[in-house]
Amino acid sequence: MSDPTEDDIPDTTLPAASPQHWGAEALWQQLEPLLPGLSVEVVARISSTNTALLERARVNISAIDEAAAELVQVRRSVESAAFGRRAADVQPCLLVAEHQTGGRGRMGRVWKAAPVASLTFSLSLPMNPPDWSGLSLAVGCALADALDPRTPGDASAPRIGLKWPNDLWLMEAGSDAGRLGRKLGGVLIETVAAGPRRLAVIGIGINVQPMHATELNTGYGCVQEIDPALTAPATLARVALPLVKALIEFNRRGFGAFVDRFAARDLLRGRAITTTQADVAEGIADGVSANGMLRVLTADGPREVGSGEVSVRLTPADGGTPDPQAEDA
């Protein structure tokens, strides 16, 4: 575990934030039995937690001599405090950034985050699932169920919906429950070779506190609208263990273990959508398949759309944006 450190000159244009207490040791004690060798690290400022963990995994210490390895470790730990504990390895790591300055979303988009108002972290771990398809959906299920728990038999609409393939949305309550809602968080999954398996890096961004964000066509929702007592550290404490358990389950059984959980929060099902996949220009979303593919009912019959291949937008009549250049809904 490590306390927050600064990897760059502080940005004085940002409002001063009160110190946050992350409970890194408590998180490590909770998670390490499930992920042996885990490190929990918190940095005050970093460009991208996903990039940091991917770069760390790519440093092949075994391929260079001992002196050169020491130079690699020292150089990297000086360049970025995110490498302070271990400069190069593929052991599990939970890396938290109090301020992520260059976060990335799916398909190269920028993920905007603000200190205190957002939770940004990445979890890396070696994985070898029977099928990688649907991993982002499984992660979304774990996060949504942790932040918006449902009791058996609860017939009310969930407050957190899941938009295929990688977004969490805050659904409107009361009379507006049928409307789309506002974007609450996102998931970015990347992998890198790690011996016979691959190292999965699960990047997560969650809006925690209200923030003025009128430029976002997806709207802005935050977890304090569900639980006003939640802070970024408290949100991490709530989602970390369910996330780890979900990843272990996915590694054993794939997305099949999460099909029903996703269906209960499926934001797109029954809505008219358009896609950028040539043979599925438009249609009605019809849930997801057992391997996490988006099913679409089209004029030419049912089709399936693969995660990572398209962008899905709601039509203007169904709450989407009419701007063809706007970010995905």
Side-chain angles (χ1 to χ4, degrees), residues 103-112 132-141 143-144 157-172 176-190 203-207 213-221 255 258-329:
R104 295 178 289 109
R106 183 169 167 265
M107 300 178 70
R109 295 184 178 90
V110 175
W111 175 264
K112 296 181 180 179
W132 287 90
S133 301
L135 178 54
S136 64
L137 309 184
V139 170
C141 289
L143 299 174
R159 287 303 311 277
I160 297 181
L162 297 174
K163 177 186 171 292
W164 185 94
N166 65 328
D167 288 341
L168 288 80
W169 281 63
L170 181 67
M171 309 304 293
E172 305 296 350
D176 291 330
R179 292 189 59 79
L180 173 62
R182 291 160 284 133
K183 189 168 179 176
L184 177 71
V187 178
L188 175 66
I189 296 176
E190 300 175 284
I204 293 170
I206 299 174
N207 302 328
T214 56
E215 74 279 6
L216 300 178
N217 73 290
T218 57
Y220 180 92
F255 180 65
F258 298 87
V259 171
D260 292 340
R261 291 168 64 181
F262 184 86
R265 298 181 183 273
D266 189 348
L267 179 71
L268 293 178
R269 185 162 194 160
R271 296 181 185 268
I273 62 170
T274 62
T275 87
T276 57
Q277 184 164 304
D279 62 338
V280 192
E282 61 182 14
I284 303 296
D286 189 38
V288 299
S289 65
N291 62 351
M293 301 280 279
L294 176 66
R295 296 193 301 244
V296 183
L297 302 178
T298 75
D300 298 321
R303 297 287 188 271
E304 289 190 348
V305 176
S307 178
E309 299 173 3
V310 302
S311 297
V312 179
R313 300 170 188 266
L314 298 175
T315 63
D318 214 18
T321 173
D323 181 1
Q325 301 301 319
E327 183 180 349
D328 288 345

Atom pair CG/CD1 of Leu143 and Ile204 - distance to nearest 0.5 Å | 4.5 Å
Closest approach of Leu162 and Ala144, non-hydrogen atoms and distance?
-> CD2-CB, 4.1 Å
Around Asp279, counting heavy atoms of other residues, nucleotides and ligands shown, do more than 12 lie under 6.0 Å from its CG?
-> yes
Is any side-chain heavy atom of Asp286 closer than 4.5 Å to a side-chain heavy atom of Arg269?
-> yes
Over all atoms of both residues, closest heavy-atom pair of Trp164 and Gly292 = NE1-O, 2.9 Å
In this structure, CG of Asp266 is separated from NZ of Lys163 (nearest 0.5 Å) by 10.5 Å
Of all the heavy-atom pairs spanning Gln277 and Gly306, show the shortest one and how long it is.
-> OE1-N, 4.1 Å
Check whether any side-chain heavy atom of Leu170 lies under 4.5 Å from a side-chain heavy atom of Asn207, and answer yes or no.
-> no
Under 3.5 Å donor-acceptor, Arg159 side chain and Met171 backbone = yes
Closest approach of Pro165 and Leu137, non-hydrogen atoms and distance?
-> O-CD2, 3.2 Å
Scanning both residues in full, the closest heavy-atom pair of Arg182 with Tyr220 reads NH1-O, 3.0 Å
Would you indicate whether the side-chain heavy atoms of Leu168 and Arg265 approach each other to under 4.5 Å?
-> no
Compare every heavy atom of Pro302 with every heavy atom of Leu297, then report the nearest pair and how far apart it is.
-> CD2-CB, 4.1 Å
Less than 4.5 Å apart, any side-chain heavy atom of Leu294 and any of Val280?
-> no
CG on Leu267 to CG on Asp167, rounded to 0.5 Å | 9.0 Å
Between Asn291 and Ser289, do the side chains contain an N or O donor and an N or O acceptor separated by less than 3.5 Å?
-> yes
Is there side-chain contact between Ile189 and Trp132, with heavy atoms separated by less than 4.5 Å?
-> no
